[in-house]
Colleague: 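Before I ask anything, here is the structure I am working with.
By convention in this document, chain letters (A, B, ...) are assigned in the order of the sequence lines, proteins followed by strands, and residues within each chain are numbered from 1.
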Amino acid sequence: MLLIDLARTSSAVASDSARLAKIAHLAELLGRVGPDEAEIAVAYLSGELPQRQIGVGWRTLQDLPDPRQVATATLTQIDSFLQRIKAQTGAGSQAARRALLDELFGVATRQEQSFLQRLLTGELRQGALDGVMIEAIAKASGAPSAEVRRALTLRGWLPAVGAAALRGGVEELRAFKLEVGRPVAPMLAQSAPTVTAALEKIGGAAAVEWKLDGVRVQAHRSGDRVSVFTRTLDDITGQVPELVEAVLTLPSNDLVLDGEVLALRPDGRPEPFQITSGRVASRTDVEVQRKAVPLSVFFFDALRADGADLLDLPDEERHAALAAAVPAELLTPRLVTADAEDGEAFFAEALRRGHEGVVVKSPQTPYAAGRRGAGWIKVKPRHTLDLVVLAAEWGSGRRRGWLSNLHLGALDPETGGFVMLGKTFKGLTDELLTWQTEQFLRLATGPADDWVVTVKPELVVEIAFDGVQRSSRYPGGMALRFARVLRYRPDKRAEEADTVATVRAIMPQS
DNA sequence: TTCCGACAGTGGGGTCGCAAT
DNA sequence: ATTGCGACCCCACTATCGGAA
């Protein structure tokens, strides 16, 4: 199959806003692709590469060679290029990669170049990723979408599932099993403002568990072999020896466990996320690192224990199996209750001990891998500050033409100036985007066509955020974590905004 | 007819490893 | 030694579609 066929389908998908129309376009193409190229087609049209990543980003794709006039490139040919690019590592590799990239884009027409560029930068933006592709695979293969979804749960990689469905239909999909050593897409949580609200949503008794601020891990054990995977299914076994050792001490030798790894201080309180994150990401001198920043692991779910797959069992049964397989000191603290007051007290205790919040879980829900199901609901506390808009950046995609991303500052009473604490684009409705764009252009102190439009620091905006973290990027040495807009404060003047000292008081000391 | 679940898009800060400078 | 880039850790929120109620 030719790349231009995919590029055209992608354009058609992008131009129809109806999901059923997108699905029809994708299914039509999947019906035409041969078995050798099915995996590539599914990958490209859901915005992924068979190679996962190849070390090429937006910066590398700034300057492209002239496009070709006639489209001749096949999927197999493109795939071969990407394999060779990924294989280029070591000194001098950048020049070699550049040459291969030029060659690759040199065989592409203008439309194909655009498609490849967006594919390689992970910004396909056609309004269809895994969710829509699952339906398209179902439609093209004749298999029920629930079967496609289930196979994806167990295999964790949609291109492989799509190729199997197109090849062998529902029978081949049913052949996918949970395999120890191969990761499963982890279940995700929705959120609620309070434990009481979360309990109401679930209705009746629920499990309330501490939410630890670390890195999500899925640990597999088969015999004496342990593998550890992250949320995006990357293998980090070598980076977390403490976790490997902990799993090897367990009596069962056939396990798949879901949990969180984090660095604790000697007093048992958690280190800031940055410390845990840095430790987990380190691949060099791990034995030295573990002495300085030891990791602890806490499990909260079991997908397999003692030779039995548990994915389809309700939460309470999976947890019973977990508790039987893992000693109490490796379990995430958990309280089963229907009482909102008890739940809120448990939440408060988690916070008192320095943790992030809680996750409220329905006892009846099976493990909905890869989905943000209503079975898990996270609850975290929320800080707010009134900050001043210092500048705004022009948006992209559906936000093109709007000033979107706000630069936020706190008041420095000593100088009367403002100290930038970060940016946010979250929480804005289309109406608010329209309004603020007008305001910023009115207040602009520099050219309005610059990427960043600086404005007179007059508008006060109420910002919600999860916490304050250390920053080497911003002048105050602090940055907001997960900042989002709640509302503008036309009733407040910039001189009445919150101060740097207020922000500093929120940051954990040490 | 209205409601609501699921999805995609739009970006945020921080850290590490690697190649180039 | 420093810098820039890519990848990935954590992520919140709104708009939209289409099936459920």
Colleague: Using a heavy-atom cut-off of under 4.0 Å over every strand shown, decide if A:Val280 touches base, sugar-phosphate, or nothing.
Modeller: nothing
Colleague: Calculate the interatomic distance between A:Phe482 atom CZ and C:dC11 atom P; express it in whole Å.
Modeller: 6 Å
Colleague: Checking contacts here: which listed nucleotide (B:dG14, B:dA20, B:dC7) is nearest the side-chain heavy atoms of A:Arg149?
Modeller: B:dC7
Colleague: Is atom CD of A:Glu431 surrounded by more than 12 heavy atoms (other residues, nucleotides or ligands) closer than 6.0 Å?
Modeller: no
Colleague: Using purine N1 to pyrimidine N3 plus N6-O4 or O6-N4 for Watson-Crick, or N1-O2 and O6-N3 for G-U wobble, each under 3.5 Å, what pairs with B:dC7?
Modeller: none
Colleague: Looking only at the side chain of A:Val132 (C-beta and beyond, no hydrogens), which of the listed nucleotides B:dC7, C:dA12, C:dC10 gets closest?
Modeller: B:dC7
Colleague: Counting any heavy atom closer than 4.0 Å, what does A:Asp130 reach on the DNA or RNA strands: base, sugar-phosphate only, or nothing?
Modeller: sugar-phosphate
Colleague: Check whether any side-chain nitrogen or oxygen of A:Thr284 sits under 4.0 Å from OP1 or OP2 of B:dC16, and answer yes or no.
Modeller: no
Colleague: What nucleic acid atoms does A:Thr276 come within less than 4.0 Å of, heavy atoms only: base, sugar-phosphate, or nothing?
Modeller: nothing
Colleague: Nearest to the side chain of A:Glu393, which nucleotide is it out of B:dG12, C:dT16, C:dC10?
Modeller: B:dG12
Colleague: Quick check: on DNA chain B, is the nucleotide nearest A:Ser471 upstream (toward 5') of the one nearest A:Gly92, or the reverse? Name the residue that is more 5'.
Modeller: A:Ser471
Colleague: With a 4.0 Å limit, can you tell me whether A:Arg398 has a side-chain N or O closer than that to the phosphate oxygens OP1/OP2 of B:dG9?
Modeller: no
Colleague: If you only use heavy atoms from C-beta on, which nucleotide in B:dA20, C:dG18, C:dC8 is closest to the side chain of A:Gln53?
Modeller: C:dC8
Colleague: Checking all strands, does A:Leu433 fall into the base, sugar-phosphate, or nothing category for heavy-atom contacts under 4.0 angstrom?
Modeller: nothing
Colleague: Under 4.0 Å between a side-chain N or O of A:Arg473 and OP1 or OP2 of B:dG13?
Modeller: yes
Colleague: For a quick check of understanding: with a heavy-atom distance under 4.0 Å over all strands, which category does A:Lys380 fall into, base, sugar-phosphate or nothing?
Modeller: sugar-phosphate
Colleague: Just call it for A:Ser191: base, sugar-phosphate, or nothing, with non-hydrogen atoms closer than 4.0 Å on any strand.
Modeller: nothing
Colleague: Below 4.0 angstrom from OP1 or OP2 of C:dA12, is there any side-chain N or O of A:Lys378?
Modeller: yes
Colleague: Which nucleotide sits closest to the side chain of A:Gln274: C:dC10, C:dC11, B:dG14?
Modeller: B:dG14
Colleague: A:Arg481 has a side chain; which of C:dC8, C:dC10, B:dG11 sits nearest to it?
Modeller: C:dC10
Colleague: Would you indicate, yes or no, if C:dC9 has its OP1 or OP2 atom less than 4.0 angstrom from a side-chain nitrogen or oxygen of A:Thr232?
Modeller: yes
Colleague: Should the pair A:Glu260-A:Arg216 be classified as a salt bridge under the 4.0 Å nitrogen-to-oxygen rule?
Modeller: no
Colleague: What nucleotide, of C:dG18, B:dG14, C:dA7, holds the atom closest to the side chain of A:Gln469?
Modeller: B:dG14
Colleague: Scan side-chain atoms only and decide if A:Trp402 and A:Thr434 contain a donor-acceptor pair under the 3.5 Å cut-off.
Modeller: yes
Colleague: Could you tell me if the ring centre of A:Trp210 sits under 6.0 Å from that of A:Phe298?
Modeller: no
Colleague: Using a heavy-atom cut-off of under 4.0 Å over every strand shown, decide if A:Ala483 touches base, sugar-phosphate, or nothing.
Modeller: nothing
Colleague: Hey, does A:Thr429 reach any base, or is it just sugar-phosphate, or nothing, if we go heavy atoms under 4.0 Å?
Modeller: sugar-phosphate
Colleague: Side-chain N or O of A:Lys211 less than 4.0 angstrom from OP1 or OP2 on C:dC11?
Modeller: yes
Colleague: Quick one: is A:Arg399 getting a side-chain N or O under 4.0 Å of the B:dG11 phosphate, OP1 or OP2?
Modeller: no
Colleague: Ignoring backbone atoms, test whether A:Thr230 places a side-chain nitrogen or oxygen under 4.0 Å from the OP1 or OP2 oxygen of C:dC8.
Modeller: no
Colleague: Between C1' on C:dC13 and CG on A:Asp430, what's the gap in Å once rounded to a whole number?
Modeller: 12 Å
Colleague: In whole angstrom, what separates A:Leu188's CG from C:dC11's P?
Modeller: 9 Å
Colleague: Output the rounded distance in Å from CD1 (A:Ile463) to P (B:dG13).
Modeller: 13 Å
Colleague: Within the pair A:Arg98 and C:dC5, is there a side-chain N or O less than 4.0 Å away from OP1 or OP2?
Modeller: no
Colleague: Between B:dG13 atom P and A:Arg484 atom CZ, what is the distance in whole Å?
Modeller: 15 Å
Colleague: Tell me which of A:Ala128 and A:Gly90 sits closer to the 5' end of DNA chain B, going by the nucleotide each one is nearest to.
Modeller: A:Ala128
Colleague: Taking 4.0 Å as the cut-off, does a side-chain nitrogen or oxygen of A:Gln190 come that near to OP1 or OP2 on B:dA6?
Modeller: yes
Colleague: With a sphere of 6.0 Å drawn around CZ of A:Arg382, does it hold more than 12 non-hydrogen atoms of other residues, nucleotides or ligands?
Modeller: no
Colleague: Rounded to the Å, how far apart are A:Ile236 CD1 and B:dG17 P?
Modeller: 14 Å
Colleague: Compare side-chain N and O positions of A:Ser404 against OP1 and OP2 of B:dG11 and report whether any pair is under 4.0 Å apart.
Modeller: yes
Colleague: Under a 3.5 Å cutoff, is there a donor and acceptor pairing between the side chains of A:Gln436 and A:Tyr488?
Modeller: yes
Colleague: Distance check: side-chain N/O of A:Asn405 vs OP1/OP2 of B:dG12, anything under 4.0 Å?
Modeller: yes
Colleague: Find the distance A:Ile54:CD1 to B:dG17:P and express it as a whole number of Å.
Modeller: 22 Å
Colleague: Using a cut-off of 4.0 Å on non-hydrogen atoms, how would the nucleic acid contact of A:Val485 be classed: base, sugar-phosphate, or nothing?
Modeller: nothing
Colleague: Would A:Glu209 and A:Thr332 count as having a side-chain donor-acceptor pair, cut-off 3.5 Å?
Modeller: no
Colleague: At under 4.0 Å between heavy atoms, what does A:Lys423 touch on the DNA or RNA strands: base, sugar-phosphate, or nothing?
Modeller: sugar-phosphate
Colleague: Between A:Ser145 and A:Arg149, do the side chains contain an N or O donor and an N or O acceptor separated by less than 3.5 Å?
Modeller: no
Colleague: Of all the choices, B:dG11, C:dG6, C:dC9, which nucleotide is nearest to the side chain of A:Arg59 once you look at every atom?
Modeller: C:dG6
Colleague: Over all strands shown, is A:Glu123 touching base, sugar-phosphate only, or nothing at heavy-atom distances under 4.0 angstrom?
Modeller: nothing
Colleague: Of the nucleotides B:dG12, B:dG13, C:dA12, which one has an atom closest to the side chain of A:Ala479?
Modeller: B:dG13
